[in-house]
**Q** 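Before we start, here is the structure in question, set down as structure tokens.
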Number of protein chains: 2
Amino acid sequence: MSDDQPTSIWMRPERLERSGPGRRPGYSRDQITRTAVQIADTEGLEATTMRRIACELGTGAMSLYRYVPKRDDLFDLMIDMVIREIELPDQPSGDWRSDLSLVAHQARAAGLRHPWLVPLLSGRPTLGPQLLRVHEFALAALDGFVLDIDDMAGYVGMLNDYIHSAVRREIGWQEEARRTGLDPETWKRDYVGPYVRQVVESGAYPLFNRSILESRMSHLSPAARFQHGLERVLNGIGAQGRI
Amino acid sequence: MSDDQPTSIWMRPERLERSGPGRRPGYSRDQITRTAVQIADTEGLEATTMRRIACELGTGAMSLYRYVPKRDDLFDLMIDMVIREIELPDQPSGDWRSDLSLVAHQARAAGLRHPWLVPLLSGRPTLGPQLLRVHEFALAALDGFVLDIDDMAGYVGMLNDYIHSAVRREIGWQEEARRTGLDPETWKRDYVGPYVRQVVESGAYPLFNRSILESRMSHLSPAARFQHGLERVLNGIGAQGRI
DNA sequence: GCCATTCAGGTACCCTGTACGCAAATGAAA
DNA sequence: TTTCATTTGCGTACAGGGTACCTGAATGGC
């Protein structure tokens, strides 16, 4: 019996409540995933190696492969685990605008708590149960207001795109700073600062310059900026269609 | 003299037209980048290793480090090189809608020609000269129609987000299929197919089901789908603001 | 008690990026 | 022409990575 069929992790559930012969498992998929999330939160995704996770659990690297087929599958499990943190009511309220706002703010919070989430999520086409739950809620928020299912999916996609790129912008600098080992302030000044200054001073890109120099947005708090952009997206949804 | 100052690749130009003593360089940053792009196009980004590139050039891996400080910097150079393929007039036409459409279609074409581009681009906050050029053109397309610079940047960001996620959706399946070594059709049927079917048959996500089963969009060609979504974004820009 | 089954964990292989060092090449100076 | 500082080419080596495979221990059914 070939057990290494190449199929999604969601089709290969951990076999539980087995009562046949054999040694009892000492760990669990959930426990391994939780440990991986913890390491990724504190030390970054690139520190989340099989050896590191196993070491944290006090075991050997190869033991993990009894629970997870591949490392990439573990990433899918990690994504699913933290998306579980997005708290949504069972049914949308009927006010699509506040429902989608709730999704956006919850998703942003999760993305900021786990800086590896969005980069990982937008890099792989995963479809775990928790992502399906959030997706379904967002679709349901528009149900009744937007009639065409393709439009609904399109709007939810737009919202999703905004959340991802906004969170990435918020995280981007600090993450890159952590990767290069500098603190954010030093990184901003010594690493990218000189280049941006050179570009600005060259005067070759006047509108880019204005977006840097005259921006009022950039003086707002990150949360206020997010809200601002979110409203732009929601206005875009509300303005067209038959809402 | 410490030459390993941690600064952006764009601040560390290849020193050319040197006429001092020392051996003449046998390669060039441009040549190395071109080779890397070629490998990434045909074999994927994960095959684009320093050793592989050097082998293609008929040299040793360490020789490359005379031209490129780090591997990540080479990625930045690769991004810049293929974004150069995006052909735009010197000045926008005055019709912001067709100008932004041009940017979108050109960017999509580049993304499809180089399937590694978008995943790489949305994973790192890079700001090469070519990206600045395209960004400036998109801003200029809205100049005069949108007065507030923050709004201009916001709209351009929305467009950018759409292009990225649309291209990623187009590429996603075939890329993941290539990564797992299956052809796209097999992958769709054997890898993700069973899971989606299970989800659909469970009936747990009725609107997700509708978006799969009743979608008219999914029967369109990829190009037509892209156009459809693009118009949604442009409508969003046009509907609000004072255009 | 026997035995098929299952897990823990070590070893090993091949791959990666890249720090380091030395030999060869080169143009300027002596 | 000889010398020499300088720069490149490239082999070696190291610290890590994912994971295939194997051995020994544990476990429940017969």
Side-chain angles (χ1 to χ4, degrees), chain A residues 1-6 9 12 14-29 31-32 35-36 39-40 43-78 179-181, chain B residues 1-6 9 12-29 31-32 35-36 39-40 43-78 124 179-181:
Chain A
M1 175 166 70
S2 76
D3 209 13
D4 55 348
Q5 357 183 1
I9 182 73
R12 315 190 69 202
E14 192 175 11
R15 47 200 172 301
L16 294 170
E17 45 194 313
R18 182 185 45 79
S19 64
R23 192 169 167 175
R24 289 289 152 267
Y27 307 95
S28 74
R29 198 178 266 189
Q31 181 187 13
I32 292 170
T35 305
I39 295 173
E43 303 173 44
L45 192 63
E46 74 277 4
T48 311
T49 68
M50 301 305 270
R51 283 176 171 84
R52 182 76 182 74
I53 299 167
C55 175
E56 198 76 16
L57 287 168
T59 181
M62 288 317 293
S63 301
L64 305 182
Y65 286 93
R66 293 280 165 192
Y67 303 88
V68 177
K70 295 175 122 317
R71 188 178 182 236
D72 282 4
D73 293 321
L74 180 57
F75 285 159
D76 282 343
L77 292 171
M78 291 169 66
R179 260 189 355 106
T180 52
Chain B
M1 172 168 70
S2 75
D3 208 14
D4 55 348
Q5 355 182 4
I9 182 72
R12 316 192 69 203
E14 191 175 13
R15 47 201 173 301
L16 294 171
E17 45 193 313
R18 182 184 44 79
S19 64
R23 191 169 168 177
R24 290 289 153 267
Y27 308 95
S28 74
R29 199 177 262 189
Q31 181 187 13
I32 292 169
T35 306
I39 295 173
E43 302 173 43
L45 192 62
E46 74 277 3
T48 311
T49 69
M50 301 305 269
R51 283 175 171 83
R52 181 76 182 74
I53 298 166
C55 175
E56 199 75 16
L57 287 167
T59 182
M62 290 315 294
S63 302
L64 306 181
Y65 287 92
R66 295 279 171 192
Y67 303 88
V68 177
K70 295 174 124 312
R71 187 179 183 237
D72 283 3
D73 293 321
L74 180 56
F75 284 160
D76 283 342
L77 292 171
M78 290 169 66
R124 58 192 17 246
R179 263 190 353 107
T180 50

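The model shown is predicted, which means the values in this text are computed figures rather than measured ones. In what follows, chains carry the letters A, B, and so on, assigned in the order in which the sequence lines appear, proteins first and then strands, with residues in each chain numbered from 1.
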**Q** Does C/dG17 have its OP1 or OP2 closer than 4.0 Å to a side-chain nitrogen or oxygen of B/Lys70?
**A** no

**Q** Would you indicate whether the side-chain heavy atoms of B/Leu74 and B/Ile53 approach each other to under 4.5 Å?
**A** yes

**Q** Output the single nucleotide from C/dA8, D/dG17, D/dA13 whose closest atom is nearest the side chain of A/Arg51.
**A**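 Of the candidates, D/dG17 comes closest.
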
**Q** Keeping the roles fixed (side chain from B/Tyr67, backbone from B/Tyr27), state whether a donor-acceptor pair exists under 3.5 Å.
**A** yes

**Q** Between B/Pro69 and A/Arg66, which residue's closest nucleotide on DNA chain C lies nearer the 5′ terminus?
**A**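 Closest to the 5' end, via its nearest nucleotide, is A/Arg66.
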
**Q** What nucleotide, of C/dT18, D/dG17, C/dA8, holds the atom closest to the side chain of A/Thr49?
**A** D/dG17

**Q** Of the listed nucleotides (C/dG10, D/dC10, C/dT18), which one gets closest to any side-chain atom of B/Tyr65?
**A**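 Out of C/dG10, D/dC10, C/dT18, the nucleotide with an atom closest to B/Tyr65's side chain is C/dT18.
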
**Q** Between A/Arg52 and A/Met62, which residue's closest nucleotide on DNA chain D lies nearer the 5′ terminus?
**A** A/Arg52

**Q** Indicate yes or no: at least one non-hydrogen side-chain atom of B/Ile9 is less than 4.5 angstrom from one of B/Arg29.
**A**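 Side-chain contact under 4.5 Å: yes.
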
**Q** What nucleotide among D/dG18, C/dT11, C/dA8 has an atom nearest to a side-chain atom of A/Ser63?
**A** C/dA8

**Q** In whole Å, what is the span from the CD atom of A/Glu46 to the C1' atom of D/dA15?
**A** 16 Å

**Q** Would you say B/Thr59's side chain and B/Cys55's backbone share a donor-acceptor pair under 3.5 angstrom?
**A** no

**Q** By nearest atom, which of the nucleotides C/dT18, D/dT8, C/dG9 is closest to the A/Tyr27 side chain?
**A** C/dG9

**Q** Among D/dC10, C/dG17, C/dC7, which is the nearest nucleotide to the side chain of A/Tyr67?
**A** C/dC7

